[in-house]
Each structure stands twice: as C-alpha cells, then as structure tokens.
Number of protein chains: 2
Amino acid sequence: MTEVPALDRGARSRDAILDTGGELMSRHGYAATSISMISAASGLPTSSIYWHFRSKDGIYVAVLERARTALLAALPPSEVPGADVGQRLDTFLTEVEDAFQRHPRGVRLLLGLGMVQQDASAAAAAEVRQYRDALLAWARDSVSSVFGLRDRPEVADELARFTLRVASGTAVARWFEPDTVLDTGALRVALVALAAHHGVPVGDAPVGDAPDRATAVRDAAVEGAPGEDAAVGDAPGEGAPSRHVTTGE
Amino acid sequence: MTEVPALDRGARSRDAILDTGGELMSRHGYAATSISMISAASGLPTSSIYWHFRSKDGIYVAVLERARTALLAALPPSEVPGADVGQRLDTFLTEVEDAFQRHPRGVRLLLGLGMVQQDASAAAAAEVRQYRDALLAWARDSVSSVFGLRDRPEVADELARFTLRVASGTAVARWFEPDTVLDTGALRVALVALAAHHGVPVGDAPVGDAPDRATAVRDAAVEGAPGEDAAVGDAPGEGAPSRHVTTGE
DNA sequence: GTCTATAAATGGATAGAC
DNA sequence: GTCTATCCATTTATAGAC
C-alpha cells in the first residue's frame, strides 16, 4: 500500500502542510486559520504539523517564504526585451498580469494576513517585508529597462510603485468581485503619461491601442487559473521544485 | 459622581464599544480581535457587549455601518464645482485624499477583515458590499462631473474604478509603510491621460503641475490624523452625530 | 443596562507510545 | 516521522443577581 519511497515521506508531508496551510491562510487570513483546520484539510495530525514547524507562526513564515521564492523564480528577468518603448511596455504589462493571475495566493497572503504589524512576529514581519521589497525591486528594474531610466531612478521608483499600487488595488477589488482582472489597458496609458510627464521620451507609445496583445494573453491566463480551490489537492512533487508554479500559488 | 444623564448611558456604552471595537478590528483584523480585548479596552464587561450587539459579528456589522455612514456624510457632493476640468479635477483629488487620510479605519476594516467571502455572515457581507458600492458610486458621479461624462458612463466607470484601485493599493502600501500618502500628482496625470485616451476633451489640464495645490492640502490633512490610536478614547457625543468625523473614523 | 461568574467549545501546543 | 490523547489558555456566549 505505502509504495512511497518512505524516505521522503516527511518532505511530502511538509509540502502538504504548506499547501493546505497556504491555501487556508490566503482564504481566511492568518488568525482565522487554525491548526486543526490545516490538520483536517491535510489529513495529518496536529502533532506532525508541530513537528515540522515549531508553531503556527512558523507555518506562516514558511508558506510566505515558499510563495515568495516561487513567484520570484517565475518572474522573467527584469531586463525587458523589445525594440521600442511600446513593445517593451507591452511585454512588461503582460508579465505583470501573468504574475498577478498565476500567483493570487501570494497577494492574498500579504493582504489577508490579518496579522498586522504589531501582532506579527519578527520573522513573519521580515518575510512579509522581503516579499514586498523583492516585488518592488523587480518592478523598478523592469520599468527602468522599459523606459530607459538608468539615470533617473526616482522616476523608475515612482512608476514601479504606481504599478504595484494599481495591482494591489486590483487584488483588493478581486476580493469582492473574484473575476476582476488587472486593467492593463488603463495601466499602460497611465504609465506612458507618467513617463512623458517626467520628460521621459516615450517614442510612439503615447496612446497606442497595443493593449490588445496583452488582452489576448490575459484571457489565456485566466483560463489557467481554475477557481481558487483546485490548488489544494495537488502537492507539488519534490522532483521539479520551482517548476510547478503554473496553477499553484 | 455619576453625573451622566443616566438616560443615555446605554448609548454612550454602545458608542464606546463601537469605537474600541472598530479600532481593534481595523488594527488586528476581525478574527484576531476578541470580545475580551474589546471588553478590556472599553472597560465594559463582555455581557454588556453582548447585550448591545448580539454577537461578535453584530459588532463588526455595526462598526462597518457606522464607518460607512460617517464617511459618506463627510464626502462632498459628487457635483464637483470648478470652472474647467483642471480645477474640478484638483478639487476632486483633494476630496479623495482628504477622505483617504481622515478615514483610514474604514479602509482597513474592509481590507483587514480577515473574514473573507465565505466566512462572512450574510449581514456582514452585505455591509461590506454596500460600503464599497457607495464609494464607487460617489467616485463615478464625481468623475463624471469633473470630466463631463454624463453621456459616457462606461468611461466614468473606468476612471472611477481606476481611482479607487490606486487608492486601495495605496492603503495596502500604507499597511507596510504607515506614512505612505496618496500620490495625487501621479493619479492626476493618469486620470487626464485616461480621459484623453477615450477622446474626452480635457482642456488645458493635460500635464499641468496643478497637484501643487493638492499637495499643500495633503500635508495639512496629514497633521490632522494623529497616529491611529488617538481615536480610541474620544467617544463621539450623541449630540452631534455625523459631525465628529474629523479624527474619528 | 450593568455587573460577576461560568458554561461550552475551540484554540495552540505537548507527551509519549509506536 | 507519525499517531492518539491530552493539557491549558482563551474564545464566544449565557445566566442571573443587582
């Protein structure tokens, strides 16, 4: 019956805990997720959970860390390819939306922590911050590459923050209307206008209707995200670590 | 000693519960806030709390409802005054930022509910939705007035949603960096560009540096919001119901 | 309307056999 | 590494005197 290598049964359990724990915490928030819920959903007894992670807090930190590394591994290099600003911008927006659609758990973990500043342990707070900082750094570098802002870091920073704000604001909206998608068309117009407003040459990109391309990719991505529940069951096999980021968190 | 009218002692207690409950729930999220915490912070025994509100959920609903009516009462009429688009836009942005700065609790209550869709009771879900819808409607009407979009409701809707997304995204950012402010300058540029992109005449507003005015008001508003704790103690007297929205939520 | 006291359930976390 | 069983604190919610 138990044909599992028996060697990595521990690793599989660990993953299962992280899967169900991450799913539940992203859905209900940290505080509203109990160990017994994770136990029931994963089939493992609470003591095993405590054996793997020393505390509930430890689970949260581990879940968040895994979500972060998975997302970062899936993010394309911040050196955005493309002949002109318009092309690079479209590529960038597609990447952003892609990440947004494929990794909803990460965002919800950040939002729904329910475990705010004061409550959070030092480790959890550090993880949360690291997650956010990594995203911001990626966005900054990407935007810098898109608009050629090597010598204007403040502008790159503003555009990156603006992008992330629209994205997280959309995540909040999705909180209420689950099928909300990132409005890359509007975001594109806004970014171009912001860049131009700062005197950055934007070439022919101004009010192009290029988001059409991004829209096509968007719809494809939506199909790849089946509800929110599907991810619970499929434990990512150990063999291909950072590969199964497709539907997972 | 007890010189209180004794008649409205109940009302005062009710308000105190809503004050501390709202404060705690916005800080820690719904799940992480216990009745005993509210009891300790308000000085009232748990049984009194249960006498006023039948359940923890009831407190949340009442808190949210009060926050909503307070915010809506404080919001200026959606008929934005001003000679041209630029002026009206500045007025609108100032109003948005004002609301954003003065009513942080409401936003945090929506964000930090930790009590997502499924968990929420029907009443709570309805309240949350009503809060959000009211904000969206106000933004839509205001934007419509600013850009003269009576005959283009879809555009007004898009601009309104974009505005709210930037605002809520900023609220998320503030979650991590408490002194984050709404970037009205960038939002202004974005809104003008979006309107123009849809063929809406924007007059002389394009890339005006008018946000200077908004910036001045912003700094003033920041001073008006002393941390987050100050609001706990001051129960809004019954006499002036929707008047004390200044620092309260 | 407010208080003390407590019921009843569930939470996080541990012990120790296997 | 996993399981059963359990401790103990805390939680929501109620009873009943005042």
Side-chain angles (χ1 to χ4, degrees), chain A residues 1-21 24-25 27-63 113-115 119-121 123-124 235 238, chain B residues 1-21 24-25 27-63 113-115 119-121 123-124 235 238:
Chain A
M1 275 300 172
T2 48
E3 315 182 26
V4 250
L7 283 165
D8 55 8
R9 261 188 64 203
R12 295 184 74 90
S13 293
R14 195 189 139 92
D15 275 338
I17 296 168
L18 289 181
D19 283 338
T20 57
L24 291 171
M25 284 179 177
R27 288 170 83 98
H28 310 282
Y30 174 84
T33 303
S34 67
I35 303 290
S36 50
M37 283 167 73
I38 299 176
S39 169
S42 67
L44 273 58
T46 65
S47 49
S48 288
I49 296 174
Y50 277 99
W51 187 89
H52 283 285
F53 309 93
R54 304 179 61 89
S55 66
K56 181 182 176 183
D57 193 272
I59 300 176
Y60 178 67
V61 172
V63 161
L113 44 158
M115 187 203 203
D119 309 282
S121 73
E238 269 292 288
Chain B
M1 278 298 174
T2 48
E3 315 182 25
V4 250
L7 283 165
D8 56 6
R9 261 189 63 203
R12 295 184 72 87
S13 293
R14 194 190 139 91
D15 275 338
I17 295 168
L18 289 180
D19 283 338
T20 58
L24 291 171
M25 285 179 177
R27 288 170 83 96
H28 308 283
Y30 175 84
T33 302
S34 68
I35 304 291
S36 54
M37 282 168 72
I38 300 176
S39 169
S42 67
L44 274 60
T46 65
S47 51
S48 288
I49 297 174
Y50 278 99
W51 188 89
H52 283 284
F53 309 93
R54 304 179 61 89
S55 66
K56 181 182 174 182
D57 193 272
I59 301 175
Y60 178 67
V61 172
V63 161
L113 43 158
M115 186 204 205
D119 308 280
S121 73
E238 269 292 288

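Lettering follows sequence order; numbering is per chain, from 1. As a basis for the values below, the full set of heavy atoms in this structure was taken, side chains included, without hydrogen atoms, waters or symmetry mates.
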Quick one: [X] [atom1] to [N] [atom2], roughly how many Å, whole number?
| X | N | atom1 | atom2 | answer |
| --- | --- | --- | --- | --- |
| B:Ile59 | D:dT12 | CD1 | C1' | 10 Å |
| B:His52 | D:dT12 | NE2 | P | 18 Å |
| A:Ile38 | C:dA13 | CD1 | C1' | 13 Å |
| A:Phe53 | C:dT14 | CZ | P | 16 Å |
| B:Lys56 | D:dT12 | NZ | P | 5 Å |
| A:Tyr60 | C:dG11 | OH | P | 20 Å |
| A:Leu24 | C:dG12 | CG | P | 12 Å |
| A:Ile17 | C:dA13 | CD1 | C1' | 14 Å |

Closer than 4.0 Å, any side-chain N/O of A:Ser34 to the OP1 or OP2 of C:dT10?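 Checking C:dT10 against A:Ser34, no side-chain N or O comes under 4.0 Å of OP1 or OP2.
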If I take atom [atom1] from residue [X] and atom [atom2] from residue [Y], how far apart are they, to the nearest 0.5 angstrom?
| X | Y | atom1 | atom2 | value |
| --- | --- | --- | --- | --- |
| B:Met25 | B:Met37 | CE | CE | 9.5 Å |
| B:Ile38 | B:Lys56 | CD1 | NZ | 7.5 Å |
| A:Arg12 | A:Asp19 | CZ | CG | 10.5 Å |

Pair up each side-chain donor or acceptor in residues 43-55 of chain B with any protein partner under 3.5 Å, not counting sequence neighbours, and list the distances.
residue : atom : partner : partner atom : Å
B:Ser55 : OG   : B:Asp57 : N            : 3.4
B:Ser55 : OG   : B:Gly58 : N            : 3.0

Hey, which of these two, A:Met37 or A:Arg54, hits DNA chain C nearer its 5' end, going by closest nucleotide?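 The answer here is A:Met37.
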Base, sugar-phosphate or nothing for B:Ser39? Non-hydrogen atoms, less than 4.0 Å.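 Nothing, no heavy atom under 4.0 Å.
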Hey, is the main chain of B:Ile35 close enough, under 3.5 Å, to the side chain of B:Ser39 for a donor-acceptor pair?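 No: the side chain of B:Ser39 does not pair with the backbone of B:Ile35.
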A:Ser42 side chain to A:Ala16 main-chain N or O, any donor-acceptor pair under 3.5 Å?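 No, the answer is negative, given that no donor and acceptor are paired below the 3.5 Å cut-off.
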Pull out every residue in residues 42-51 of chain A that has a heavy atom closer than 4.0 Å to any atom of DNA chain C, ordered by number, or say none.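 Per residue number, the list reads A:Thr46, A:Ser47, A:Tyr50.
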Can you sort out the partners of A:Ala40 under side-chain contact (heavy atoms from CB on, under 4.5 Å), two or more places apart, ordered by chain and number?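 So A:Ala40 forms no side-chain contact (heavy atoms from CB on, under 4.5 Å) with any residue.
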